[in-house]
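Count residues from 1 along the sequence. Any value given below was found using the heavy atoms of this structure, including those in side chains, with hydrogens, waters and symmetry copies removed.
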Amino acid sequence: MLAEDSVLLREGLIGLLSRFGHEVVAAVGDAETLAAVVEEHTPDIVVTDVRMPPGFQDEGLHAAVRLRERRPTLPVLVLSQYVQRMYAAELLDSGDGSGIGYLLKDRVGQVEEFVAALREVANGGTVVDPEVVRRLLRRRRDPLERLTPREREVLALIAEGRSNGAIARELVVSEAAVGKHIGGIFTKLDLPPADETHRRVMAVLAYLRA
């Protein structure tokens, strides 16, 4: 079962998997359809992208986590252009930890390595990209430790629901300075590309969990 919104990559993966003797029972382009089609076909493994319609943020990874909640032994291989640490950790913790893979899309170009990873996950193994491992190990430390004292102040005010203007007035700085601090917070917390409102929410969650 394949979920990938890029038609070119989706068709390329279908051809690649077929060449190695695998049958793609269904291929979809959005996370909502993925859940429905898995129920219909009960595949041996699900391969899904992270960023999918409608929001192109982390819908595919959300769907993978939900699928594992319903079917703890369903093998799932996630492909991503970046590491979404929060949900990657949740995915890797799902079920008994078996039958899970999280690879960066660069690995798809290394055909034999990708196909070997697919087989390993389908057989109940766990395959995690080295970059994902590096990011998750960093996650075990205080996620706020890389923030400057001023960035911590700004994040605390964001958690109180303050706007950029209100933060600027509280700290007696310009709104441009506040915007720069917020950009630094997003970068240091490794928040994925998204609209600012979503990233502010994720930053607050990181602050509350610290």
By side chain to side chain contact (heavy atoms under 4.5 Å, CB included), which residues pair with Ala3, not counting sequence neighbours? Val28, Leu34, Thr48, Met52
What I'd like to find out is whether the side chain of Glu59 reaches to under 4.5 Å of the side chain of Pro54, using heavy atoms alone. yes
Side chain to side chain contact (heavy atoms under 4.5 Å, CB included) partners of Arg10, counting only residues at least two apart: Leu2, Glu4, Val7, Ile14, Ala27
Using salt bridge (charged side-chain N to carboxylate O under 4.0 Å, His left out) as the criterion, list what pairs up with Arg19, not counting sequence neighbours. none
Applying salt bridge (charged side-chain N to carboxylate O under 4.0 Å, His left out), name anything that partners Glu170, two or more places apart in sequence or on another chain. Arg162
Side chain to side chain contact (heavy atoms under 4.5 Å, CB included) against Ala26, all qualifying residues, sequence neighbours excluded: Met1, Val37, His41
Would you please name every residue forming a side chain to side chain donor-acceptor pair (under 3.5 Å) with Asp5, sequence neighbours left out? none
4.5 Å side-chain heavy-atom contact, Arg146 and Thr187: no
What residue among Lys188, Lys180, His181 forms side chain to side chain donor-acceptor pair (under 3.5 Å) with Glu151? Lys188
Going by the salt bridge (charged side-chain N to carboxylate O under 4.0 Å, His left out) test, which pairs reach into residues 30-40, not counting sequence neighbours? Glu39-Arg70, Glu39-Arg71
Tightest non-hydrogen contact, residues Leu74 and Pro43, listed as CD1-O, 3.8 Å
Return yes if some donor-acceptor pair links the side-chain N/O of Arg152 with the main-chain N/O of Leu144 below 3.5 Å, else return no. yes
State, yes or no, whether a side-chain contact exists between Leu157 and Val178 at a heavy-atom distance under 4.5 Å. no
Side-chain contact test, heavy atoms from C-beta onward, threshold under 4.5 Å: evaluate it for Leu9 versus Leu79 and give yes or no. no
How many angstroms lie between atom CD1 of Ile185 and atom CG of Leu147, to the nearest 0.5 angstrom? 6.0 Å
Close side-chain approach of Asp49 and Lys105, heavy atoms under 4.5 Å: yes
Leu77 vs Leu103, test: side chain to side chain contact (heavy atoms under 4.5 Å, CB included). Steps then yes/no. CA-CA 8 Å; Leu77 175 59; Leu103 297 179; 4.0 Å; yes
Heavy atoms only: give me the nearest Ala31-Ala63 pair and the separation to one decimal. CB-CB, 4.0 Å
Would you indicate whether the side-chain heavy atoms of Arg200 and Ile182 approach each other to under 4.5 Å? yes
About how many Å separate CZ of Arg51 and OG of Ser6, when rounded to the nearest 0.5 Å? 13.0 Å
Please list, one pair per line, the donor and acceptor atoms closer than 3.5 Å that link side chains of residues 111-125 to other protein atoms, with sequence neighbours excluded.
| unit_1 | atom_1 | unit_2 | atom_2 | d |
| --- | --- | --- | --- | --- |
| Glu113 | OE2 | Arg107 | NH1 | 3.2 |
| Asn123 | ND2 | Arg119 | O | 3.1 |

Could you pull out all residues at least two apart from Glu153 that satisfy salt bridge (charged side-chain N to carboxylate O under 4.0 Å, His left out)? Arg150
Contact between Arg68 and Ile100 at the side-chain level, heavy atoms closer than 4.5 Å - yes or no? yes
What residues, two or more places apart in sequence or in another chain, satisfy salt bridge (charged side-chain N to carboxylate O under 4.0 Å, His left out) together with Glu11? none
Do Val47 and Phe20 share a hydrophobic cluster (ILVMFWY, side-chain heavy atoms under 4.5 Å, transitive)? yes
If you compare all heavy atoms of Asp129 against all heavy atoms of Leu104, which two are closest, and at what distance to 0.1 Å? OD2-N, 3.4 Å
